[in-house]
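Okay, structure first, notes after.
Lettering follows sequence order; numbering is per chain, from 1.
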Amino acid sequence: MNSRKPHRLEAARLEKLQKIGDLGLDPWGQRFDGHIPISEARERCPEESGTDGETVRVAGRIMLRNNRGKLKFYHVQDWTGRIQLMVSRGDLSDEQWELVGALDLGDLIGIDGRLRVSQTGEKTIFAEKLTMLCKSLAQPPEKFHGAKDVEMLLRQRSIDLIYNEGVLDRMLRRTRIIHSIRQTLSGEGFVEVETPVLHAVAGGAAARPFTTEHNTLGIELFMRIALELHLKRLMVGGIERVYEIGRVFRNEGIDATHNPEFTMIELYQAYGDYGSMMDLVEKIVVDAAEMLGDGMVLPWGEDQIDFTPPWPRKTYAELFAEHAGCAMDDTDAVTEVARRLEIDTDGVHPDVVVNKVFEETVEDALVGPVFVIDYPASLCPLTKRKADNPEIAERFELFIHGMELANAYTELNDPLLQDELFRTQLDGLDEEDSMAKLDTDFLEALRIGMPPAGGMGIGIDRLVMLLTDSRSIRDVIFFPLLKPESVGGGKSAPSDNDKNTTTETTETNPAG
RNA sequence: GGGGGCGUAGCUCAGUUGGCAGAGCAACGGACUUUUAAUCCGUAGGUCACAGGUUCGAACCCUGUCGCCCUCACCA
């Protein structure tokens, strides 16, 4: 990067960089105190033309320029908004005017000036003093159409944040949602903890893990796929209301709702059950929506989502009967439906077939928010069974527009049954599809005694999607995973080219 | 992984049947003291994603590769 030849557009900016230095000014700027947010400057600006407002100081990036010679207009943006700046030759010293000549789109400047509306009625700061805060060496996108190339925007998210309206706002909403979750949980007496990312056994969920290794220990390790088992061990240790907001990693496909690393919250409440979890997730989501301040009915593309509580609770069995058209315990009928859906049934455990049919017929139809409750127990190795029916597990999943947003259990705290379930492998389930991975440290902890409890996981990225009308998970993650950009298919990496410049040249420039 | 689409100047995009690589914005030089994508005159700017092939001649046709998007499969 350092040795690369400056682009012709960058060269023009480097000249201005030099010019600013020649004026005795620091082109990279210094601490700049006393500025107010641009949104506040707009609020303080008088509405009527001809009325002088107060003198203010702001700082921001030059987004737009309109040059009339000895009178120049700029639009300057900070993270609260934009305001117009008017720079008049007559108002500035010779040195200041020289600086104005060295300004480019994308530069960061500080402005002291008087608030007043322009002749066309736009709120404006009439500049009295400009302070160079940072030179930009990069050419900004086209001023009217902006930057649209999805790949460039994902690889250069800074550009997306600066120049595309709504991107910064959406990402700041994400942080406010997470803040709201912490507030809600703190109010309910939960404490936040951090547990290891590197696991010897990647348990707590059914997913393929990323592998890594520790050099000096000489052992294989896994990136965590869930937070569950460590948090439960903390509950055994007496932390009765505990949660973690953290990154988990799943080595699986990438699409509009899946990124290999994503943010989950898992929380556990001693002496609760899945019913307490339903109340809690409802409160978490409603509080977050309230904090955003756009009401309980939020847009979802052409559609809407109504978050007004309480949300309906429907059993797995009744939803199955409603959408699949037969009772889930009518094995012959279920097999018939499965065949129609081209689901493989040979040698597959009946409950696995039922679940595949459920996923095919029910999940996409769930507009929600709706709690699906009481799952077949065989599918839930970490879940307590219903007291009056050991075939049914006290589990719910929260669905909104076909997306699974939350998954919760009455946690299984019977160490003998847990041990057995970890060792049971349902027919037709691959090992990596199973949660049945033996975590002996966890089992040892359960023997000490874990209080009966409710536990829940919520996909934070998906929650943010639903609350910000974002159709892709890439819209709510600053830096979603992308393949490394290469120079081109046949060409080797740039470093290889550098090493072999002379030979490469002869090979790639055949005579004739 | 399968199928479909896309990749041309810093950015947004044209590019005819295969016949000298185009525009707008941005940049550079000039004019302009109330503009709103300002306007006007002029200048410069290209590894047509990458590598091959066909052809007198390829941005365009063919093959392979890379990346992104959509979709299906898998998953949360």
Side-chain angles (χ1 to χ4, degrees), chain A residues 6-13 15-16 49 63-75 82 84-92 104-106 116-124 126 136-156 159 163 205-208 225-226 248-264 266 342 356 359 363 397-399 402-407 430 432-433 457-463 465 471-474 480 482-493 497 507-510:
Chain A
H7 186 271
R8 58 188 169 83
L9 292 172
E10 187 176 322
R13 285 162 180 262
E15 274 180 32
K16 292 179 185 170
S49 63
M63 302 297 289
L64 214 57
R65 175 178 46 201
N66 196 343
N67 188 355
R68 297 290 313 259
K70 292 190 175 63
L71 186 70
K72 301 176 198 292
F73 296 90
Y74 296 89
H75 284 196
R82 274 194 202 196
Q84 176 168 266
L85 172 68
M86 196 186 88
V87 177
S88 170
R89 175 64 185 93
D91 293 343
L92 298 181
D104 283 306
L105 294 173
R116 189 177 170 168
V117 295
S118 72
Q119 276 185 14
T120 49
E122 176 150 354
K123 291 176 177 178
T124 303
F126 287 63
S136 171
L137 298 181
Q139 192 63 34
E142 209 257 2
K143 67 180 175 186
F144 185 63
H145 297 94
K148 289 182 172 175
D149 181 75
V150 177
E151 183 177 357
M152 181 195 66
L153 294 173
L154 289 173
R155 291 191 193 279
Q156 302 192 56
I159 291 175
Y163 293 99
R208 193 187 305 180
I225 59 172
V248 298
F249 307 83
R250 297 189 182 177
N251 203 342
E252 285 159 357
I254 300 174
D255 62 33
T257 55
H258 298 82
N259 194 57
E261 51 178 304
F262 62 104
T263 303
M264 277 199 67
E266 285 197 32
E342 297 178 359
K356 286 211 154 67
E359 287 171 357
E363 290 191 356
E397 293 193 302
L398 171 60
F399 281 91
M403 234 192 287
E404 184 194 328
L405 183 65
N407 185 16
D430 295 334
E432 61 198 23
D433 288 339
I458 306 171
I460 298 288
D461 312 278
R462 291 183 173 182
L463 175 60
M465 286 170 68
R471 215 49 36 78
S472 170
I473 200 167
R474 289 180 288 263
L482 294 177
K483 290 194 192 179
E485 195 175 25
S486 67
V487 178
K491 227 185 213 174
S492 50
N497 273 353
E507 279 166 16
T508 54
N509 291 323

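Nucleic acid contact class of A:Glu404 (heavy atoms, under 4.0 Å, all strands): sugar-phosphate only. If you check every strand for non-hydrogen atoms under 4.0 Å, A:Asn259 touches a base. Among the protein residues, A:Gly457 comes within range of no part of the nucleic acid, since none of its heavy atoms lies under 4.0 Å from any strand.
Looking only at distances, a side-chain donor or acceptor of A:Asp461 sits under 3.5 Å from a matching main-chain atom of A:Thr263. Between the side chain of A:Glu142 and the backbone N or O of A:His145 there is at least one donor-acceptor pair closer than 3.5 Å. Listed for the A:Arg250 side chain is a donor-acceptor partner under 3.5 Å among the backbone atoms of A:Ile225. Between the A:Arg65 side chain and the A:Asp104 main chain, no donor and acceptor come within less than 3.5 Å of each other.
Look at CG on A:Asp255: it is 10 Å from C1' on B:A76, rounded to the nearest Å. Between the OH atom of A:Tyr74 and the C1' atom of B:U34 there is a distance of 15 Å, given to the nearest Å. A:Met465 has its CE atom 15 Å from the P atom of B:A76, to the nearest Å. A:Ile254 places its CD1 atom 13 Å from the C1' atom of B:G67, with the value rounded to the nearest Å. Atom CG in A:Leu154 sits about 15 Å away from atom C1' in B:G7, given to the nearest Å. If you take CG of A:Leu153 and P of B:C6, they are 20 Å apart, rounded to a whole angstrom. In this structure, A:His7 atom NE2 and B:C11 atom P are separated by 8 Å, rounded to whole Å. Atom-to-atom, CD1 of A:Ile473 to P of B:C69 comes out at 13 Å; the value is rounded to the nearest Å.
Here A:Arg474 reaches the OP1 or OP2 of B:C70: one of its side-chain N or O atoms lies under 4.0 Å away. The shortest distance between the side-chain N/O atoms of A:Lys143 and the OP1/OP2 oxygens of B:A37 is not below 4.0 Å.
If you take atom C1' in B:G3 and the same atom in B:C61, they sit 23 Å apart, rounded to whole Å. Of the C1' atoms belonging to B:C69 and B:A49, the separation is 15 Å, rounded to the nearest Å. Distance check on atom P: B:C11 versus B:A27 gives 15 Å, rounded to whole Å. The P atoms of B:A76 and B:G67 are separated by 26 Å, rounded to the nearest whole Å. Distance noted for atom C1' between B:U65 and B:G7: 14 Å (whole Å). A gap of 36 Å separates the C1' atoms of B:U43 and B:A51, to the nearest Å. Nucleotides B:G57 and B:A21 have their P atoms positioned 15 Å apart, rounded to a whole Å. Spacing of P atoms, B:A44 relative to B:A23, comes out at 12 Å, to the nearest Å.
When the nucleotides B:A76, B:C68, B:C11 are ranked by their closest atom to the side chain of A:Met152, B:C11 comes out on top. Checking B:U12, B:C68, B:A76 against every side-chain atom of A:Glu142, the shortest atom distance belongs to B:U12. Nearest to the side chain of A:Lys148, among B:A76, B:C13, B:A38, sits B:C13.
You'll find the side chain of A:Ile473 reaches within 4.5 Å of the side chain of A:Met465, heavy atoms only. A 4.5 Å side-chain heavy-atom check between A:Ser118 and A:Met86 finds every atom pair outside the cut-off.
If you check distances only, the side chain of A:Asp149 never reaches the base of B:C11 with a donor-acceptor pair under 3.5 Å.
Pairing for B:G22 goes to B:C13, judged as Watson-Crick or G-U wobble with the two contacts each under 3.5 Å. Look at B:G1: its Watson-Crick or wobble partner, with both distances under 3.5 angstrom, is B:C72. The pairing partner recorded for B:C28 is B:G42, the criterion being a Watson-Crick or G-U wobble arrangement whose two distances lie under 3.5 angstrom. Nucleotide B:A51: paired with B:U63 (Watson-Crick or G-U wobble, both distances less than 3.5 Å).
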Taking only nitrogen or oxygen atoms into account, show me every contact under 3.5 Å that the protein makes with nucleotides 28-32 of chain B, one pair per line with its distance.
unit_1: B:C28; atom_1: OP1; unit_2: A:Lys16; atom_2: NZ; d: 2.4
unit_1: B:C32; atom_1: N3; unit_2: A:Gly69; atom_2: N; d: 3.3

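In terms of position along RNA chain B, the nucleotide closest to A:Phe126 lies nearer the 5' end than the nucleotide closest to the other residue of the pair A:Leu64 and A:Phe126.
For the atom pair A:Ser49 OG and A:Arg116 CZ, the distance stands at 8.0 Å (nearest 0.5 Å). Annotation: the span from A:Arg471 atom CZ to A:Thr257 atom OG1 amounts to 12.0 Å, rounded to 0.5 Å.
Under the rule for a side-chain contact (heavy atoms from CB on, under 4.5 Å), the partners of A:Arg68 that lie at least two apart in sequence or sit in another chain are A:Leu71.
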